[in-house]
S.K.: 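Next up is a structure, given as structure tokens.
Order of the sequence lines fixes the chain letters, A, B, ..., with proteins taken first and strands second; residue numbering starts at 1 for each chain.
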Number of protein chains: 2
Amino acid sequence: MSFSIVDELFELRKEQTKQNSYIAESIFQKRIMSLIINNIEKHVQLTAEEKQLFLSKTEIQHYKAKSILLSSGEICKHSYFVNSGILRSFNINDNIVEHVLNFACEGWWIGDMYSLISQKPGNLFIEVLEDAELVLLSKENQNQLYTEIPKLERFFRILTENALVANQERLMDNLSLSAEERFDKFCKRYPGLIQRIPQKQIASYIGVTPEFFSKMKSKLLRK
Amino acid sequence: MSFSIVDELFELRKEQTKQNSYIAESIFQKRIMSLIINNIEKHVQLTAEEKQLFLSKTEIQHYKAKSILLSSGEICKHSYFVNSGILRSFNINDNIVEHVLNFACEGWWIGDMYSLISQKPGNLFIEVLEDAELVLLSKENQNQLYTEIPKLERFFRILTENALVANQERLMDNLSLSAEERFDKFCKRYPGLIQRIPQKQIASYIGVTPEFFSKMKSKLLRK
DNA sequence: AATGGCACTTAACCTAGATTAAGAAAATTA
DNA sequence: TAATTTTCTTAATCTAGGTTAAGTGCCATT
């Protein structure tokens, strides 16, 4: 999981009141949640009760940059939806080299799909790159929701289809494009991310060493 | 689409009667169809009526090797399930180089997922590598089935999840493994395929030139 | 303000795999 | 059966990107 639909809802969050009253807090919660609900409603429509039910099965957590949400060898228990901040999933091969599978910023889902569906230990790490607010949906709750609200089964089918299409395209790109062209595609896929994460992460995503990426970048600037 | 679940049902087909009577023909049809039904029932159980409904929405077609089922620029109208034979999906980049996205043999699904879900022109070709018998499921019928038999929505969700996991693994492999190691993984993913398709197709799948593949192979044999 | 740890750069050298070309073997087709 | 097209092999040469190493700048702690 981790896919390609971002939306414009964040604007809402900017209106956050600073008040501490119980009521303000509750409104705040609603606004936070509307990002994920809106994300879902891009594909399926939910009734008020269904939204309520869905939200009751999720929880919000805050994580500091550098937190590790999942390590290689662990079983992935949750799908994570990003309200704010940036995460990445990556693996580490024998040579102690990291490879980024996906980034996730506002409005994206992330998780270790293999471990999530098999409930076996995976080989991915999930790390927070920038302080993040996440919506957690446990594997069990997700399964319950599939039968309680069949529309959600549709939603996640569509989500997964989109993720697959994006992945296939990236795979073909890796087979046929140069590092420079892949960097170009990265910029389009994750607009604005270049300013927010260390460039060694981008190098790892497009599949080159930080040294080569640096060389390539300065060549691009000289143009 | 095109994913990683194969099953052992082909055995059934070997019992095919050669008789031409109406009855034998009907039994034959049932056996053909039981491959796809069995494939579905690995993940969800269907009633007799549901199976009937599902089958009524599919059609069987036979294609000769070298047939092109889909070309770049066309809109993909069907998901294809392989009863027998071998297909591949691939794209062609500027340099007129082909890259294989997927192979599909008995018990696998194949299609251009991007074009299928967006109903826009895709950039994949789908070609028959070995005379094939396919079950065709049109996009419209597939959508109807989702609402008529919600269990099928679950089936295709699971199918897509598995395809995504396989794709992610291949992507990471391409980033971190040598051509030799990727060839090794190919052999495991598509056992028996090495004998059935030209090796330039395998080279294209693992992402090397036919020349390099040949060199690599003779090096492996010398060991 | 000093220390250590990252992230980034530069540069010399190295290698997996690409390219080009030409011939041999195998498979299609006539 | 021969003719033609494809596939496969071998070999020389080339290059995108890797490796190693050393140095710079930038924070975060103390």
S.K.: Using the test side chain to side chain donor-acceptor pair (under 3.5 Å), find all partners of B/Gln199 that sit at least two apart in sequence or belong to another chain.
M.R.: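 Listed in chain order: nothing, the list is empty.
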S.K.: Would you classify B/Lys217 as touching base, sugar-phosphate or nothing, given that sugar-phosphate means primed atoms plus P, OP1 and OP2, and contacts are heavy atoms under 4.0 Å?
M.R.: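 Sugar-phosphate, no base atom in range.
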S.K.: The criterion is salt bridge (charged side-chain N to carboxylate O under 4.0 Å, His left out); which residues satisfy it with B/Glu130, sequence neighbours excluded?
M.R.: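 With sequence neighbours excluded, B/Glu130 shows a salt bridge (charged side-chain N to carboxylate O under 4.0 Å, His left out) to B/Arg196, given in chain and number order.
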S.K.: Can you name the residues that form a salt bridge (charged side-chain N to carboxylate O under 4.0 Å, His left out) with B/Lys66, not counting sequence neighbours?
M.R.: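 B/Lys66: no salt bridge (charged side-chain N to carboxylate O under 4.0 Å, His left out) contacts found.
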S.K.: Only distances under 3.5 Å count here; give the side-chain donor-acceptor pairs of residues 113-121 of chain B to other protein atoms, sequence neighbours excluded, each with its distance to 0.1 Å.
M.R.:
from: B/Ser115; atom 1: OG; to: B/Cys76; atom 2: N; distance (Å): 2.7
from: B/Ser115; atom 1: OG; to: B/Lys120; atom 2: O; distance (Å): 2.8
from: B/Ser118; atom 1: OG; to: B/Tyr114; atom 2: O; distance (Å): 2.8
from: B/Ser118; atom 1: OG; to: B/Lys120; atom 2: N; distance (Å): 3.1
from: B/Gln119; atom 1: NE2; to: B/Cys76; atom 2: O; distance (Å): 3.0
from: B/Gln119; atom 1: NE2; to: B/Leu116; atom 2: O; distance (Å): 3.1

S.K.: I need the NE2-C1' distance between A/His99 and D/dG18, as an integer number of Å.
M.R.: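 Going from NE2 in A/His99 over to C1' in D/dG18 covers 12 Å.
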S.K.: Heavy atoms within less than 4.0 Å of DNA chain C: which residues of residues 196-210 of chain A have one? Give them sorted by number.
M.R.: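 DNA chain C contact set from residues 196-210 of chain A: A/Pro198, A/Gln199, A/Lys200.
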S.K.: Can you tell me which nucleotide in C/dG17, C/dT10, D/dG17 comes closest to the side chain of A/Phe212?
M.R.: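 Closest of the options to the side chain of A/Phe212: D/dG17.
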S.K.: Looking at residues at least two apart in the chain, or sitting in another chain, which of them share a ring-ring contact (aromatic ring centres under 6.0 Å, His included) with A/Phe90?
M.R.: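 If we apply the ring-ring contact (aromatic ring centres under 6.0 Å, His included) test to A/Phe90, skipping adjacent residues, the hits are A/Phe125.
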S.K.: Within the 4.0 Å limit for protein heavy atoms, which parts of nucleotides 22-30 of chain C are touched? Write it as a string from 5' to 3', B for base, S for sugar-phosphate only, - for none.
M.R.: ---------
S.K.: Run the side chain to side chain contact (heavy atoms under 4.5 Å, CB included) test on A/Phe155 and A/Asn39 for me, step by step, so that the C-alpha distance in whole Å, both residues' side-chain angles and the decisive distance to 0.1 Å come before the verdict.
M.R.: CA-CA 10 Å; A/Phe155 170 70; A/Asn39 181 275; 3.4 Å; yes
S.K.: Quick test of your reading: applying salt bridge (charged side-chain N to carboxylate O under 4.0 Å, His left out), list the pairs with at least one residue in residues 198-208 of chain A, sequence neighbours left out, ordered by first then second residue.
M.R.: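 Qualifying pairs: none.
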S.K.: I'd like a list of close polar pairs between nucleotides 26-30 of chain D and the protein, N/O only, cut-off under 3.5 Å.
M.R.:
none

S.K.: Hey, what bend do you get for the helix from C/dA1-D/dT30 to C/dA30-D/dT1 if you fit axes on five pairs at each end, rounded to 10°?
M.R.: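 If I round to tens, the end axes sit 50° apart.
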S.K.: Among residues at least two apart in sequence or on other chains, which ones pass salt bridge (charged side-chain N to carboxylate O under 4.0 Å, His left out) with A/Glu181?
M.R.: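 Here no residue qualifies.
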S.K.: Please list, chain by chain and in numerical order, all residues satisfying salt bridge (charged side-chain N to carboxylate O under 4.0 Å, His left out) with B/Arg170, sequence neighbours excluded.
M.R.: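 By the salt bridge (charged side-chain N to carboxylate O under 4.0 Å, His left out) rule, B/Arg170 matches no residue at all.
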